[in-house]
Each structure stands twice: as C-alpha cells, then as structure tokens.
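Please read the structure below before turning to the comments.
It should be emphasised that the depicted structure is a prediction, and the values quoted were computed from it without experimental measurement.
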There are 2 protein chains.
Amino acid sequence: MTVVLKTSHHHGNLRAGLVEAGIEILESEGLDALSLRKCAARAGVSHAAPAHHFDGVAGLREAIATEGFQRFGAAMLREAAPEQDPRARLKAICRGYLAFAREAPALYRLMFSTGMRSQPDAHLAHGPSSAYGILREFCAPFVPEGTEPTVIETQVWALCHGYALFILHGIVPDSPALDTAVLDLVERIGAAPAS
Amino acid sequence: MTVVLKTSHHHGNLRAGLVEAGIEILESEGLDALSLRKCAARAGVSHAAPAHHFDGVAGLREAIATEGFQRFGAAMLREAAPEQDPRARLKAICRGYLAFAREAPALYRLMFSTGMRSQPDAHLAHGPSSAYGILREFCAPFVPEGTEPTVIETQVWALCHGYALFILHGIVPDSPALDTAVLDLVERIGAAPAS
DNA sequence: CATGTCAACTTGACGCCGTCAAGATGCATT
DNA sequence: AATGCATCTTGACGGCGTCAAGTTGACATG
C-alpha cells in the first residue's frame, strides 16, 4: 500500500505519506497511539523526519485533522446528493455527519480536539466546499431573514456533535431509535420558536 | 496549600491528594500536561507512588473524572435550586452544565473523554444525585407516557454537550445570544414533534 | 516487650516519546 | 564540474509510564 518509489532521501511526497500513515494508525490503534515516531516508522523514514514537515506533534495532528475535514465534508455531501427537499437535505448531512463519526471515530475525535485549537476556521470555514461551508449552505433555507445564520447552524451542529460523541463514548446506546429522535429534532430546529 | 501532615510513609490520604493535585494541574496547565509524575511531585511523593493508588494513568484520569462529575452535578443543582417551573428548571440545569464547562474546561473535557471509556455508567448513572440521575429527574416532566425517557435526555444533553465543546474549542463565539438560542431549543424539546 | 507481617512508599531501571544539533545525501543551478 | 540547499539520518537529551526490588513504619501476635 502507498508505494512511494523513493531512492534514499528526497522521495515523493513524504508529508502526505506521513498524514496517511497517521490516519491508518488512528484507525487501527486509536487516538492515544498516534505519535510522530510511529508515523515515521510506518512511512519508512527515520524518527526525526516528520519534524521537517510538521511543527511538532501538534502540527501533525493539525495536518491529519485537515485531511479529516476533507473526508468529513465529502461524507456529508455524499449522503445529501440524492435528496431534493431542503428539509430532507438538512437531515441528510446530519446522517452523513453521524456516519462519518461512526466510520472513523478516532479521526473524528482528533478533528474536534486540541488539534485545531490554533486556527479552527482554517479547517472549517475556508471555502464553500469546507465542512462549515456545507453546513451553512444546507442551513440557509431555514434561517429567518434578519437573523444570524450562526444560531441555526450552531443548534444543528451542536446537537449532532454531542450525540456523536455520546455514541462514540458509549454514554448512550447506539440505536436507530435515538438516531431518528435526533434527526427529528434537527427537523424541528427550522420551525418557529416556542410560544 | 493542602498541608498533609505526613511523617515519612503512610500519610493521610494520598489518593485524594493526588486527585486534587491532578485537578490543579488541569486548571493551570491544561489537559495534555496531566501526568502521574507531576501529580506525584505536586503531592510531594515519589514518582511511582501513584501507581499504588490508581491503575496506571487511565486510572488516575478516571478518579479525577469521578470527582469532576461530583462537582458537575453540584453545579447543575445549584443553578436549578431557585427555579420552580419544570421548564425553567430544565433550562437551569443546562445553564449549570454550560457554566461548569466554562469554569473548568480541562476537567470537563477530561470527564467526557477516554477517561471514562471503561465504565461510563459508574460516573453518570449511579444514584439519583449523579449527573445522569439529575438529568433524568429534570427531563421526566417532558417525557410523554409510553416513551423511552432516553430520547428526551439524549436530545437535551447532546445539544448541551456539543455546544459546550464548540465554545471550548473556539469553533463558535462565546456569546450570550448563542446561549439563549441553545436554551430556547432545549425548551422546545419537550414540545410536540413536527407535523 | 520482642517479633513478624503487611501495606505504603522509595529507588532505580527500562523503553517509548518529542525534540534538538550535527552530519550525510542527492537534486538543481551555474 | 562545482556549488548550494532542501531533505533526510544519526545520536543524544529529558520527560513520561511502568515494573521490580528494597525500605520504612504501623499494627497484631506471642
């Protein structure tokens, strides 16, 4: 997997290879097992090579998080593609949200942890195809005029995020009934506020 | 601080002292800085002493999380005490939830992270004064008969949890307007589902 | 009072980790 | 062909978790 056709120094694209190795370690060994040295070993380079591509371990985590947000956005769009109704589309990106968290739990937790403490917007808000851009686009039909879009977006994503983490940590059972309950609440977020 | 009146070995209650030291380290240096050796140093014992009280670093984190959940429940109850209306009381424990997360962010993140991977129920669901018992009690007035209480509880807590983490990570601004938006949604959770 | 027992803590060591300094290598430009 | 430079290697350092062995002091037993 990932043949690099290296000579000795100066092989193809070590930075990408290290990120890929990191994601594989996350999937197979979990979040705590991620280390610069393990990524280097898996990529077939010396233990200090990653330091030339990332600013310490925080930089590696940030780079992995950036790649994760790419896949995250793709997972949401994939789920929403067949839907037409705005309400169905909003629920669909939430399904994609939960599906991604279940498929790559360690990567998901890395993305939403200290790895992004410095520049969260760099991952989330950059460009319309970013994860946050997707959320904003799909929430837009439900934002009342003269209202901050952030309100609806925060409600939707906070709900999905908290629920996803509760599932990953085993705090709530992983049942389809709870999924539909959460998605139903998403559907209600666009409705009028309580009397 | 925390005079221990020790002789040489066998001082008062080292386990509690180590947990207290750990919480102080969390508050002053953050989540990543927590280590067995630092707790030991701050408690004035040798680097290997904690191993006799906790099962590795995971055990220390779990013990700190347990203490954190005690304070967490107290923070929620404190906020809810003056309220009478069930709806106001539910919103109040959510305010307490957010207040605790803001006051002790590192401790809060420790509580809801791998530290509890083994036995989450041990912290959450044990006894009526536990954090989960409090949630269940305050959600009860809004659970329709013949319905799983877990549904409402999950909706409320997932929303609070996701929102709290977004604030702590700086993903959303820390504004009172978003607080009221989230609390308004909590208020709507008890209402009838969408048409 | 002397003795044995045992939990609590210390000491020292091991390997893994991140990080730094110094050196080796090979491509690219001149 | 010679130089420059980014890239990677090597070796070292301290901090970390963890284990094995030793030391201490309290307490029960004779």
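By the 30° and 60° cut-offs, the orientation of the rings of W157(A) relative to F166(B) is tilted.
Comparing dC17(C), dC8(D), dT11(C) by their nearest atom to the side chain of H53(A) picks out dC8(D). When the nucleotides dG18(C), dT9(D), dC9(C) are ranked by their closest atom to the side chain of S46(A), dT9(D) comes out on top. Considering only the side chain of H52(A), dT9(D) comes nearest among dG17(D), dT9(D), dG12(C). Candidate nucleotides dC8(D), dT19(C), dC16(D) were compared by shortest atom distance to the side chain of K38(B), and dC16(D) ranks first. You'll find that the side chain of R37(B) is closest to dT18(D), out of dC8(D), dA12(D), dT18(D).
Under the 3.5 Å distance criterion, with hydrogens and angles disregarded, a donor-acceptor pair is assigned to the side chains of Y97(A) and Y108(A). A donor-acceptor pair shorter than 3.5 Å cannot be found between the side chains of R109(B) and S113(A). Using modelled atom types and a 3.5 Å distance limit, the side chains of Y132(B) and E153(B) yield a donor-acceptor pair.
Proximity of S35(A) to the phosphate of dC17(C): a side-chain N or O atom is located under 4.0 Å from OP1 or OP2.
Residue H47(A) contributes atom NE2, which lies 18 Å from atom P of dT7(D) at whole-angstrom precision. Between the CG atom of L34(A) and the C1' atom of dG18(C) there is a distance of 13 Å, given to the nearest Å. For F54(B) and dC16(D), the CZ to P distance is 17 Å, given to the nearest whole Å. Across the protein-nucleic acid pair, D55(A) atom CG and dG18(C) atom C1' stand 12 Å apart, rounded to whole Å.
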